[in-house]
2 protein chains.
Amino acid sequence: MRLNSFSCETWVEPGAALAEIRSPIDQALVGLVSSAGVDFAAMADHARMVGGPGLRALTFRVRAERLKQLAAYLNDRREGLHRLSLLTGATRRDGMIDIEGGIGTLFSLASKGRRELPDEHFLVDGAVERLSKGGSFAGLHIMTPLNGIAVHINAFNFPVWGMLEKLGPALLAGVPMIIKPATSTAYVAAAAFRLIVESGLLPPGAVQLVVGGVGDLFNHLTGQDLVLFTGSAGTSTKLRNHPVISANAVRFVAERDSLNAAILGSDAGPGSPEFDLFVKEVAREMTVKAGQKCTAIRRVLAPAAWTGAVVEALSARLARTVVGDPRRDEVTMGPVVSLAQQRDCRDRIAVLQGEARVVYGDPARPAVAAGDPEKGAFLSPVLLQCDDPAAATRIHDVEVFGPVSTVLPYRDPAEAIALVRRGEGSLVASLYTYDAGEAARLVSGIAPYHGRLILIDRDCAKESTGHGSPLPVLVHGGPGRAGGGEELGGMRGVHHYLQRTALQGSPGRLAALTKAYVKGAAETAPPAHPFTIPFERLAVGDTIVTPEREVTLADIEHFADFTGDRFYAHMDEAAAAANPFFPGRVAHGYLLLSFAAGLFVDPAPGPVLANYGLDSLRFLKPVTPGETIKVRLTVKQKNPRNAEYGEVRWDVELTNGAGETVATYDLLTMNALAVAA
Amino acid sequence: MRLNSFSCETWVEPGAALAEIRSPIDQALVGLVSSAGVDFAAMADHARMVGGPGLRALTFRVRAERLKQLAAYLNDRREGLHRLSLLTGATRRDGMIDIEGGIGTLFSLASKGRRELPDEHFLVDGAVERLSKGGSFAGLHIMTPLNGIAVHINAFNFPVWGMLEKLGPALLAGVPMIIKPATSTAYVAAAAFRLIVESGLLPPGAVQLVVGGVGDLFNHLTGQDLVLFTGSAGTSTKLRNHPVISANAVRFVAERDSLNAAILGSDAGPGSPEFDLFVKEVAREMTVKAGQKCTAIRRVLAPAAWTGAVVEALSARLARTVVGDPRRDEVTMGPVVSLAQQRDCRDRIAVLQGEARVVYGDPARPAVAAGDPEKGAFLSPVLLQCDDPAAATRIHDVEVFGPVSTVLPYRDPAEAIALVRRGEGSLVASLYTYDAGEAARLVSGIAPYHGRLILIDRDCAKESTGHGSPLPVLVHGGPGRAGGGEELGGMRGVHHYLQRTALQGSPGRLAALTKAYVKGAAETAPPAHPFTIPFERLAVGDTIVTPEREVTLADIEHFADFTGDRFYAHMDEAAAAANPFFPGRVAHGYLLLSFAAGLFVDPAPGPVLANYGLDSLRFLKPVTPGETIKVRLTVKQKNPRNAEYGEVRWDVELTNGAGETVATYDLLTMNALAVAA
C-alpha cells in the first residue's frame, strides 16, 4: 500500500506528507505516496557515477540484447500488472494497450536496435566529408551517449507504456534514468518498475524511481542531462522554465496538450467505406481508455452537408458504450482516473458549451451499467457540435481529457485545413478519403502542424493500427501546443540521448577512431589473401590490388550473347557514340563487376562464406574495348554478427589503365570466425 | 549613417532613442540605430503571410539554385563590405574569415543542397516501415518547411558570416527570416543585407531586418516559428525564458559561451611536430579577430612537465603580434569591438587572476604599434597560467571574449579529460597527438561534451582548416554551457526548420503522396517497354515482369571460366554443401545480375542513356543449377537533373520458379526527356 521509491539501489519507504491514491471505481484506497524521504542529490549522483558508466561499458548492441531480454521478462510476468491496471479504471482492453503495448514497444525497439546498432560505443552519423583538396584532412560525425541522466516524467494514462516507451530508447542509448510516474496510477508503474529491477538485467544505477514529487532534483541537472516530459502544457512550461534547465541547456523533450483532429474527406459521403471507417474510429477513440489519451480525437471535421449524418452515426455507435466498473466483463468503458479528473472534464465541457452544443450524452449524469455512480468517476461519452468553428476559439484550445469530442462542419478542404491548423500543433490527425488529390491537399496543408498523419481508407483499414496508436518505429510528438518534442521513431528516439560530435583530422586518424576505412587512410598489406584470413584477424585497411585484365571487344560481344543484354551502347559503335555519355561502344557494367570478382576472388574454401550483396555501386567512367581494368579491395568495416561469423564491408575500386576510377562500390561478405572453423 | 531596418519590403528610418555606434579604432561615429519605428506585428505577419508562401512555392532544389546565385551576387560585391569591416576593428584577414567565409558557406550549402535535396516540396526521411503482416498498411516520415518565421539573432564578431551561416539553411528549408544583427557591428551586416535585397533573388517577405532591439517581436511567435540565437548565455537565458517561447514550444537553437580547450598530447613533447602545431594554433586562435571568436581557445592544456616550454614558445609567438589600427598593413591584430568590450575583458582577466597569473602580456597597457592607445579599444594578447587547475573554478567558467587564454598543466590523460569536462560543454576542442591510443582515449573522454573535435597532427596540419573554423558541412554548436544548439552540418542544419511527420496508410496512398514506389502499391502496366518511354512520361509504379530464364550448371561453369571467378560455392558440390548458407553449388550473384539485365533491357536506342549504378543489392536466396529466374522491374522514383535528362531509380526483384525472392536492388539509370530528344 505504501509505494516505495527506488534510490541508490535501495527501496525507500515514503516519508512524511503521505498522499492517498484512491481507485476511481469506488474510492478504495490503493496506495500511499510521498517522496519526502528521497535524497535527490544522492540519486542524481548515483545515476551519474554508477549507472552511466555501467551502461556505457556495454556496447549499443549489447544493450539492445538486454532490452530484448527485459521485454521477455516482463512479458512472462504481465498478468499481475493487469490486476492492478483494472483498479485505475482501465478495462482489460485498455490495460492491453498499456501493458502489452508497452512490452511490444520494447520488443520492437530491441529488434530494431539489434539490427541497426553497432557492437560499439559510438555511432557514425552520415558520410565522411572531404575537407581538403589533397585529401589529407577530412571530417565525419559520431554520436556518443550523454554522460548524464535522463529524467522521465510520465503521464497517468498509460503507466506501463508511458514508462517503457521512454525507457527503451534511453537504455539503447546507454543513459541512466530517474523515472517519475504520475501519482494517480503510480502503483501500476511501480509494480512494473519492480519487475525491471528484479530482472537483474540492468546494471546498478541504470534505473531509479521517484514515487511522489521530484523535490529538488532539477537543481542537480547539468548540460549532460535531459528531461522527457509527458503531461499538461502548464506543468511542462513550469518545468521548462526552471532556471537550471535554461542555464545549463538541459535538453527538454515535451509531449503535452493536443487537439487532435479526424477529417472526413469531401469525397467520403454517407455510404462510402471511408465514412463508416471515420465513424468507427472517432467512436473508438472517444471511448478507449475513457478518452484519456494524448492522441484521442478532440475535433471531428466533416463536410457541412454530412454533419447530421455524422452525428447520427456517431451517436448510434456511442450508444453501445457500456460505462461502469471495468472489472465487469460487459463494461466497455471505465471511469476516468479520479473524481478530480471527472470534475475537470465537466468544467471543460462547460467551457466548450459556450461555443458548441451537446448532441450526444449527458455530461452531468452518465448511465452507469455496473458500479456505484456516486462513488465512481464515471462520465458518459459526450459529443458536441459547433456550428461556427471558424469563429470559435475554445474548441481549438481546450482539451477535455476524457470521452469528449466536438463535431466541426467545414465547407471546403481549404477551410478544413485552416480549422485543423487552429489547433496550433497536434500529435496526430487522421484523414478519411479515397481521393488522391484530396489526400495530397490535406497532407500538404497540415503536415507541418503534426507529428503523425494517418490516412485511413478501404485499402488499409483492415490492418490499420488506428488513429490513436503511437508506434515504436514512427515518431510520436508534435509541434507547438503538443510540446515540440519527438519520441520513438525507431533509432530517432535514441538520438535524443546522444551527443553528435564532428571529428576532423587525417583520414588515418578518423579511420582508427571509427574502426572504418576512410579514403586516404593508409592501406595495409595483409599477411595473405584477405579471403583466407578469419574475421577476427582481418584488419580494417587491409588491401590487395589485383593484376590487370584487358576487356576486349570479343568479351563484350560474348557477354551480350551469353546474358542477352544487347543494349546498343555495347553493340553499335555509331549509336553508342551518339549517346551523350559514351565515346563509342563500351563494356557492360555487370561485365566489369563480374571480371572484378574474377580478379579478386580466392576460390578455395576459407573464411569468406558468401557474397551477400553490395551497396552504392556507381559506374564513373566507361570502359572501351581494349582497355584494362584492375581492382583495389580494402577491408572497410567489420560488423560482428554471432559466434560463427560476421559481416565484412569491403571498399572496392576499379581503375583503368590510366589509373582513372571506373567504378566504386561496397562489397558485402559474410566471413567465418577462426574460433568457429 | 542612420541604419535602416527593413520591414514589409520597406526601408524603415530609425525612430526615437537613437543609439550611436562608434568605431573601436578611434571612437569615430559610424552609425545611428534604433528600431523604434518598426511595427513588429506587421513584420511577423508579412513573413508569415507573404514570405513563407513565396519561399514554399519553390522546391528545395530551386531554393538551392537561388542560394548559389545569391552567393555569386555577394561575391561580386564583397569589396564594399571589407571597407566597412575594417571600421569594426577587424584586420583584412579577419574580414576574410567574415566575408569570404560567409559567402563560401553559402556556396558550400548551395552545392550540397543541389546535390542532396529533391526537386520537391518535401523530403522523405528514412525508410518505409512495414506496419502490418499483410502489407496493406505502412508508414514513413516526411519533412516539410515549418509554416512560420525564423528569427535570427546574431553576434557582433562576424556580422556577415554570422548572418549568412543562418540564412543559408533557412533559405534551403524555405522559412522566411527576421534577422537581428548585433548593434555594435550592425552597419556591416546591414550592408550585406542590402545587397541580398537588391539582388532580387529572394521572394518578397523572405528576409527582413531589425537594426536595434527586437521590441515585442517575441510576443508574435507561434509553434511554427523558431529562434536561432548566437551570443551570451545571459541573453540566451533571458530570451529562452520569454513566456511565449515555452507556451508555444517555439524552437530555440542557442550557441553561446564556450571555454574551448586545446590539448597537447602526453606523447607530444617539445621538438615534436605536434608540439609546434599546438603552439602555432593556440597563438593564432588567441589573436585572430582579437580573440573575439566563440570557437577561440580559452583553456590550453599541456602535460605538467612541458608547461614551461609551452609558455615560452607561446610567448615568443605572441610577441610577434602587431596591435593597432587594422587599416595599417603591418597590423596583425586590431582592437576589440568597443571600449565597453575592452573594459569587460579587463574585468574578467582580473577574475581569472584570482586563480592564475599572467605569464605574457600586460592586461592594462597594450603596446600599440599604430593608432591612438587612448582612444582605441586595444588589448595586448594575454596568456595566464593556472598551477592548480583542478582546484580552480573561474578558469573553467569565465570566458574572456578577447585575446586571452590560460595554460593549465595536467598530470595524465585522465586528468586532462576531467579538466576539459569542467568546461561543461564547449563548441570545440583541438587535440595534438600522434599516438593512436592517446587520441582514442581523449576523444572518447570528451566527445559527449563537444560539438566538434579536431585532431591536428603532422599528417593533416598542412591542409587543416584549424581549431577555430566552423565548416558548413560539419555541425557547429555544443552541449551545456555552449547552448545545446546545432547549426550547419550540411543538411542537418536545414532540418531544424522542418517538421518531421510520420505518414501512415496504404502503400498506394504513401506512394502517391511521396511520388516514390512503396512495396505493396499497385503496379501499373506502362503503354510500352519502360526503356522506350521518355523521362516525363514514365510513371512511378510502371512495372514489367520478364519471362523466365533457366540458370543451368553449364551457365555457371561457363561464367566461372569467362570471368575467372571460380569460387568453390559455384564449382564444388561437396564444398558448397558444407557452407552454412548453400545447399550445394549455386549460381554466382553477378551471373544472376547479368542475366536479369539480359531479361529486362530493351536494346534499341531510346530514352535510357546509361545504367549508372545500383544501390542496396542483397542476395536473399541462392539459385541452384536448373532453377529459373525472372525479374520484376518497377519505376521507383524520378529525380529531374537538367533540361536533357533525369535519374530514374528502379525497384528490381529477382524471383525463382517458386516465386521466392532471390535478390533485390535499386537500379539507377539516366533517362532522356522527350523534349531533349
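Throughout, protein chains are lettered first and strands after them, A, B, ... in sequence-line order, and every chain is numbered starting at 1.
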Can you tell me which of [options] forms the most heavy-atom pairs within a distance under 4.5 Å of chain A?
options                                : answer
B:Gly564, B:Ala502, B:Ala482           : B:Ala502
B:Ser236, B:Gly484, B:Gly451, B:Gly505 : B:Gly451
B:Arg251, B:Met143, B:Met571, B:Arg549 : B:Arg549
B:Ser464, B:Ala440, B:Gly425           : B:Ser464
B:Val473, B:Val586, B:Asp459, B:Leu503 : B:Val473
B:Leu471, B:Ile456, B:Thr222, B:Leu146 : B:Leu471

Engaged part of [X] at the chain B interface, taking heavy atoms whose separation is under 4.5 Å:
X        : result
A:Lys133 : both
A:Leu488 : neither
A:Val443 : side chain
A:Phe581 : side chain
A:Ala233 : neither
A:Ala604 : backbone
A:Leu498 : neither
A:Val608 : both
A:Pro243 : neither
A:Lys238 : neither
A:Arg509 : side chain

field: Stepwise side-chain contact (heavy atoms from CB on, under 4.5 Å) test for A:Tyr590 and B:Asn611
entry: CA-CA 10 Å; A:Tyr590 303 136; B:Asn611 160 9; 3.4 Å; yes
Can you tell which of [options] has the highest number of heavy-atom pairs within less than 4.5 Å of chain B?
options                                : value
A:Arg421, A:Glu424, A:Arg500, A:His588 : A:Arg500
A:Ile245, A:Leu620, A:Asp572, A:Asp615 : A:Asp615
A:Leu668, A:Ile142, A:Asn248           : A:Asn248
A:Phe559, A:Phe600, A:Tyr665, A:Phe582 : A:Phe559
A:Phe619, A:Tyr568, A:Phe567           : A:Tyr568
A:Glu486, A:Arg56, A:His570, A:Met670  : A:Glu486

[X] (side chain) donor-acceptor with [Y] (main chain) under 3.5 angstrom:
X        : Y        : answer
A:Thr501 : B:His450 : yes
B:Glu463 : A:Gly135 : yes
A:Gln224 : B:Pro448 : yes

Mind listing the closest non-hydrogen atom pair of [X] and [Y] along with its distance?
X        : Y        : answer
A:Thr465 : B:Gln504 : OG1-NE2, 3.6 Å
A:His141 : B:Val475 : NE2-N, 3.1 Å
B:Ala249 : A:Gly480 : CB-O, 3.2 Å
B:Pro479 : A:Gly223 : CB-O, 4.3 Å
A:Asp125 : B:Arg492 : OD2-NE, 2.8 Å
A:Ser246 : B:Thr237 : OG-CG2, 3.0 Å

So what's closer than 4.5 Å to chain A heavy atoms on [X]: side chain, backbone, both or neither?
X        : value
B:Phe122 : neither
B:Pro145 : backbone
B:Ala436 : both

query: Do A:Leu593 and B:Leu593 have side chains that get closer than 4.5 Å, going by heavy atoms?
result: yes
- prompt: Distance from B:Ser594 atom OG to A:Leu591 atom CG, nearest 0.5 Å?
  reply: 8.0 Å
task: Check the angle between the aromatic planes of A:His558 and B:His558 and answer parallel, tilted or perpendicular using the 30° and 60° thresholds.
output: tilted
message: A:Thr144 vs B:Ser444, test: side-chain contact (heavy atoms from CB on, under 4.5 Å). Steps then yes/no.
response: CA-CA 8 Å; A:Thr144 53; B:Ser444 91; over 6 Å; no
A:Asp555/B:Phe562 under side-chain contact (heavy atoms from CB on, under 4.5 Å): CA gap, chis, key distance, verdict: CA-CA 9 Å; A:Asp555 287 334; B:Phe562 177 50; 3.6 Å; yes
